Amino acid sequence: MIVPLEHVVVLSLIIFSIGVLGVLFRRNAITIFMSIELMLNAVNLALVGFSRYHNSVDGQVFVFLVMTLAAAEVAVGLAIIIALYRNRQTVNIDEINLMKN
Amino acid sequence: MDLLGFTIIVVKVLVVFAATMLGVLVMIYAERRVSAFMQDRVGPNRVGFKGVLQPIADGIKFLMKEDLVPERVDKPIFILAPAILLIPALMTFAVIPFGSSINLFGREIALQVADVNVGILYVLALTSISVYGIVLAGWSSNNKYSLLGGLRSSAQLISYELAMGLAVVSIILLAGSLRLNDIITDQQGSFLSWNIFRQPLAFLIFLIAVYAETNRLPFDLSEAEQELVGGYHTEYSSMKFAMFFMAEYANMITAAALTVTLFFGGWDVPLLDEGSLGLFGALLSVLSFILKVAFFLFLFIWVRWTFPRFRYDQLMRLGWKVMLPLALFNIFLTGGYLTIKALG
Amino acid sequence: MSLSLLFYCVGGIAIGSAIFVVLNRNAVYSAISLVLCFFSLAVIYLLLEAYVIAVLEIFIYAGAIMVLFLFVIMLLNLGREDALPNLNYLQRATSLLLVLLFFVGIFLLMIGDQGLFPQPTEQFVAGGIYPLGEALFSKYLLPFEVASLLLLVALIGTVYLAKRKV
Amino acid sequence: MATIIKSYEPTFWDKLYLPALMRGLIVTFRHFFRRNVTIQYPDQKHIPPEGYRGLHRLNKFPEGRIKCVACEMCSAACPADCIHIIPGPSPWDGGKERYPVRFDIDLLRCIFCGFCEMACPEEAIELTEIYDFSDYTRDDLVIDKEGLLEVYDLTKDQNYYTKNNLSKASSVDTPIDT
């Protein structure tokens, strides 16, 4: 095998952390969404890595399901963002505080 | 990997690349000539014998023109977009087998750049990438017509990709493999084992979807010049515009090659065992592949001058309400057939 | 050896483009660099011999999901944000600390227990489409069907959200 | 009396659209083999039919004398006001009759209506079949008496283009260039 599994996991870890930071730091709903995709992909990477090293297909099945989930999530999430934008003319999540007051 | 194997792969890549580019040149000429003949005209016939050097003259003209980048465009993306469109179009051909194998230097060389075991998925994935070129070109131009063209065609590509993928699924069910070579082997034999006779409905859906995917008439809404000036490439000039052009023709060539591979037996010459004829058989298979592809390229032009463009809502209705259910129905039929065959 | 070099190069590209996604103010640029990130991840999957997943990564993530993102960005005309929002420092420091904690925690876990990481097997069989399909339709049949149900629910929900006159 | 118009009910085959599509394809395919109607213009020239109204000419008698008597009927009839005549005593019969000292036609103003032809009592001015007389300057497109007489020499025997069709494009010169 080309690289030790640790390196794959570390790469996945770094990308996941970047995704988390993106969610925490950015206020643009679209960018936050993209950061979530980043995190999902980091997890996928770890799953594929472990699947390769355990010589088992299970990890890849999980990746498959995560992809399905991501597709569904994006479709619904973007529809919600569009609906929000129609109402508030903004995608800044700080300004979207309908539940306040 | 040894040196010889590496050389063979490099040569194959170069040959396929050169052949696609040559095909693009031929297509530019053929498009203009055939269009002219269909309209009782002559077409370009000045440059070279009967105008065969016309594409080269066109190329020189494109090179000499001023490369205009409008002031308010998004520069990096504006420059990147034509390349994003062209590269997947050229990459797709890598998995398409264009002939049976030949024996050279004491080893069997498959006439295919890469024999990927998920070949058809690779093709579909790359097709879905080509949306980016169009969308980004439309967005970066900072022109509402370009943006509209880009949005329209991305919606169109996504809609028809589904029908296309589902039509391919029934072929995969029959062949039992995602490898394009297996799909071809599955169709070998007589004419009747070609997938067009076994899957006529899938063929029809696939063909229509291919026209939509390559943005050709009657689905060229992204560049409907009567409404959108020129669509996503309105602001482009010179070599960048030429790249859009080349991408369109390269896309057409790959689409035609894919249609041939999936439904017309690929390089298969009917009623003939290519393997037994050695080198001659291989050449014959390549020739048969080229002829079949040429027919589909002709069909592209033929259809272009026959059918009027769809309206946008008609396009969406056809894609979602007709083609998608039909493709699903076809998968159902194929599955049923395979189940019955497996049982009895 | 050259393949492991490729892994590190592509991994570097993935990290760089991921950082670009988070830091860029222009949503379109973020989306494009995210696509680049997906592509480099697909290359890594290829290096890990997960061919189907690699192609699916491009097919689903780059080909479908990100196109949807771009579509929405253009539809809402979200060119660029004016500036990174002014978070209060406490929030910023806390989030950094949390991420650091998470990072270090997993790192410690990795260093502490070497048994977590098995030695790779030379012969890898699970990368193709057949093992994956077999697993999906036998061992994981229920999750697979539930996933299809999830997609259906998402489809209906999206249509409802998009159709509603708000 | 009311006529009952049966509304068109599409049959199953109509709804399928495929036969219609095939018919369309057949139509275009037939055109693929049809003879081209294109004329390779500078090489091969379109021969205008009889009565075509192109460049003007001034007719001459067989002995070479100009038919025009400078009555200015043509310039009076001209709706575009493009004919300019300066009359003078003719040099042939001791100046008893008039003849045009100058006879200029501004081809850029001319609308090729043929009224001059109809107005002329002497059948001196006529429109010929020549249509390719473009030039680079406005001055060159004002044709004078000598030019008009030259056009007569070029066109008196036969259709101008029947003989010029045989020569190559480069050797064909429009009369007013010469």
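In the text below, chain A, chain B and the rest are named by the order of the sequence lines, each starting its count at 1. As the structure is a prediction and not an experimental result, all values here were calculated from the model.
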Closest approach of [X] to [Y] (non-hydrogen atoms, all atoms of both residues):
{"X": "Gly63(C)", "Y": "Ser128(B)", "answer": "CA-OG, 3.5 Å"}
{"X": "Phe59(C)", "Y": "Ala125(B)", "answer": "CD1-CA, 3.7 Å"}
{"X": "Tyr130(C)", "Y": "Gly176(B)", "answer": "OH-O, 2.7 Å"}

Looking at Thr127(B), Val118(B), Ile129(B), Leu126(B), which one has more heavy-atom pairs under 4.5 Å with chain C than the rest?
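The candidate making the most pairs under 4.5 Å is Ile129(B).
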
Before giving the answer on side chain to side chain contact (heavy atoms under 4.5 Å, CB included), spell out for Val52(C) and Leu178(B) the whole-Å C-alpha distance, their side-chain angles and the decisive distance to 0.1 Å.
CA-CA 10 Å; Val52(C) 183; Leu178(B) 292 175; 5.9 Å; no

Just do the side chain to side chain contact (heavy atoms under 4.5 Å, CB included) check on Val28(C) and Leu136(B) with the steps written out, would you?
CA-CA 9 Å; Val28(C) 175; Leu136(B) 291 178; 4.1 Å; yes

Should we say atom [atom1] of [X] is surrounded by more than 12 heavy atoms from elsewhere, each under 6.0 Å from it?
{"X": "Phe102(C)", "atom1": "CZ", "value": "yes"}
{"X": "Phe332(B)", "atom1": "CZ", "value": "no"}
{"X": "Gln314(B)", "atom1": "CD", "value": "yes"}

Examine whether an atom of [X] lies under 4.5 Å from a heavy atom of chain C, and if so say whether it belongs to the side chain, the backbone or both; otherwise answer neither.
{"X": "Leu121(B)", "answer": "both"}
{"X": "Ile158(B)", "answer": "side chain"}
{"X": "Val135(B)", "answer": "both"}
{"X": "Ser177(B)", "answer": "both"}

I want to check something: taking the side chain as every heavy atom from C-beta on, are Ile77(B) and Tyr29(C) in contact at a cut-off of under 4.5 Å?
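Yes, side chains in contact.
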
Is chain B contacted by the side chain of Ile32(C), its backbone, both, or neither, given a heavy-atom distance below 4.5 Å?
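Contact with chain B is through the side chain of Ile32(C) alone.
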
Side chain, backbone, both or neither of Phe39(C) within contact of chain B (heavy atoms, under 4.5 Å):
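Phe39(C) touches chain B through side-chain heavy atoms alone.
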
How many angstroms lie between CG in Leu151(B) and CG in Leu70(C), if you round to the nearest 0.5 Å?
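With rounding to 0.5 Å, CG (Leu151(B)) is 9.5 Å from CG (Leu70(C)).
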
